[in-house]
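What follows is one structure encoded as structure tokens, with my remarks underneath.
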Amino acid sequence: MIEFEGIGHRYGEHAVLDDVTLRLTEQRVAFVGANGSGKSTLARMINGLVHPTGGRVLVDGVDPARQGRAVRNRVGFVFTNPDSQIVMPTAGEDVAFSLRKKGLSRAERERRASGMLARYGLAGYEEHPAHQLSGGQKQLLALCSMLVLEPDVLVCDEPTTLLDLRNKRRFVELLEQLPQQIVLVTHDLDLLGNFDRVVVLDEGRVAADDLPEPALEHYRKLIS
Amino acid sequence: MTPLGLYQPGTSVLHRAAAGHKFLALLALAVLIFVVHSPVWLGVTALAVTLGYPVARVSPRRCLQLVRLLVPVLGLVFAAQWWLVGFDSAAVVCLRLLVTLGAANLFTLTTRVDDLVTAVERGLRPTRRFGVRPERLGLLVGLTLQAVAALSMIAGQTREAQRARSAERSLPAFAVPFLIRTLRHADELGEALAARGVDDD
């Protein structure tokens, strides 16, 4: 369970989040909002990449601002641009890189990395240069590198923004099938039909918090 | 465009050699090259390095790419050195450059970064008692190699954007977006590493 208790955040003078209180217990939650609405900042607080300047976040009772390491062990994060999150030259090495600190043998790391790639449609790409994969494949690789750590929660910050329509759909369908709790920040409203809850943020506040249909209707009115 | 020196999978002797040994050999070669002054011996070394390419079964396309990059650089250095210092010295400098660049490129073509990182970590393990953190240094080596690919990709994309606006000759039109994108890449990479728990030990 992810709890936001009276979250406020400012960059200098500029307030990006103002008194946000949420308890996320659902399996699939989406954050929707205009650019600058604070949704990415809120998502980054879940694994302690950003610390709130007011209020606190709890992930299953643990505060990421105090125990960042413990929380990051359990919360995976997928970013918008896969080029920045792929840190090793080949696909297999990048997935294996996540496992470095697990104290596994090289053979075991490679075996798990291969298994992960095969499961998400990248079988045989172990030695393929990661930066020569297509955009959709790169994002799948970024996902594999996170899932290989078997997190309980997966936060995705606009992971489909750079993908074409077919890959967007595939990626979100994949997210829906994962056992993890998913927090998806997105602009792709059409893909949220199967989500359990949609939180609409507007100028740092919760403007709507509902099932996808009513929440998105509210959002469309808000921006029109 | 393929960035220079990206790992090319293979099963040759050079691919199978231990990453740590190859790395030490590369360092030793670099030192040796600056001790040796004889153009003949430098020429022999250059020939040996060149022979490493067919041994590693590097694709002709990759070789051509390297030649296309090296020839103008070496030509320029040679001309300048010849004019300033003399023919012999120009030959020595160029042969040294040829050997080091050729060998370093051969090393990255045949070595997986993951193996190099592991080798560096293992090799530096005894220094732990002096407060060195081998896994940090291993990661540093890996990220340095990766940075070459990342920066050449950003440079390529920036040049395309420059061309699209017909501003090929403007230095600011290249330098400003290149710097900004590089800094942003650094920020994003830092965040991604933090999200993967790299700074948590």
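Side chains included, hydrogens not; waters and symmetry mates left out as well; all remaining heavy atoms used. Given the structure is predicted, the values throughout are model-derived calculations rather than measurements.
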- Electrostatic pair Glu121(B)-Arg125(B), nearest N-O below 4.0 angstrom: no

- Honestly, the part of Asp83(A) sitting under 4.5 Å from a heavy atom of chain B is both

- Here the side chain to side chain donor-acceptor pair (under 3.5 Å) pairs for residues 30-43 of chain B, sequence neighbours left out, are His37(B)-Arg96(B)

- Query: Between Arg109(A), Met88(A), Glu127(A), which shows the greatest number of heavy-atom pairs under 4.5 Å with chain B?
  - Reply: Glu127(A)

- Task: For each of Ser145(A), Pro151(A), Pro129(A), Gly76(A), tally heavy-atom pairs with chain B at distances under 4.5 Å, and name the one with the top tally.
- Result: Ser145(A)

- Task: Counting only heavy atoms closer than 4.5 Å, note whether Gln8(B) contacts chain A via side chain, backbone, both or neither.
- Result: neither

- Task: Mind ranking Val78(A), Asn47(A), Leu49(A) by heavy-atom pairs under 4.5 Å with chain B and telling me who comes out on top?
- Result: Leu49(A)

- Task: Could you go through the ring-ring contact (aromatic ring centres under 6.0 Å, His included) check for Phe78(B) and Phe87(B) one step at a time?
- Result: CA-CA 8 Å; Phe78(B) 188 81; Phe87(B) 182 84; 5.6 Å; yes

- Message: Any salt bridge linking Asp196(A) with Arg28(A)? Criterion: basic side-chain nitrogen under 4.0 Å from a carboxylate oxygen.
- Response: yes

- Item | Interface moiety of Gln67(A) toward chain B, non-hydrogen atoms closer than 4.5 Å | neither

- Item | Part of Ser98(A) lying under 4.5 Å from any heavy atom of chain B | both

- Item | Which atoms of Leu143(B) approach chain A - backbone, side chain, both or neither, heavy atom under 4.5 Å | side chain

- Item | Whether Phe178(B) and Phe174(B) hold their rings parallel, tilted or perpendicular, with breakpoints at 30° and 60° | parallel

- Item | All salt bridge (charged side-chain N to carboxylate O under 4.0 Å, His left out) counterparts of Asp94(A), not counting sequence neighbours | Arg196(B)

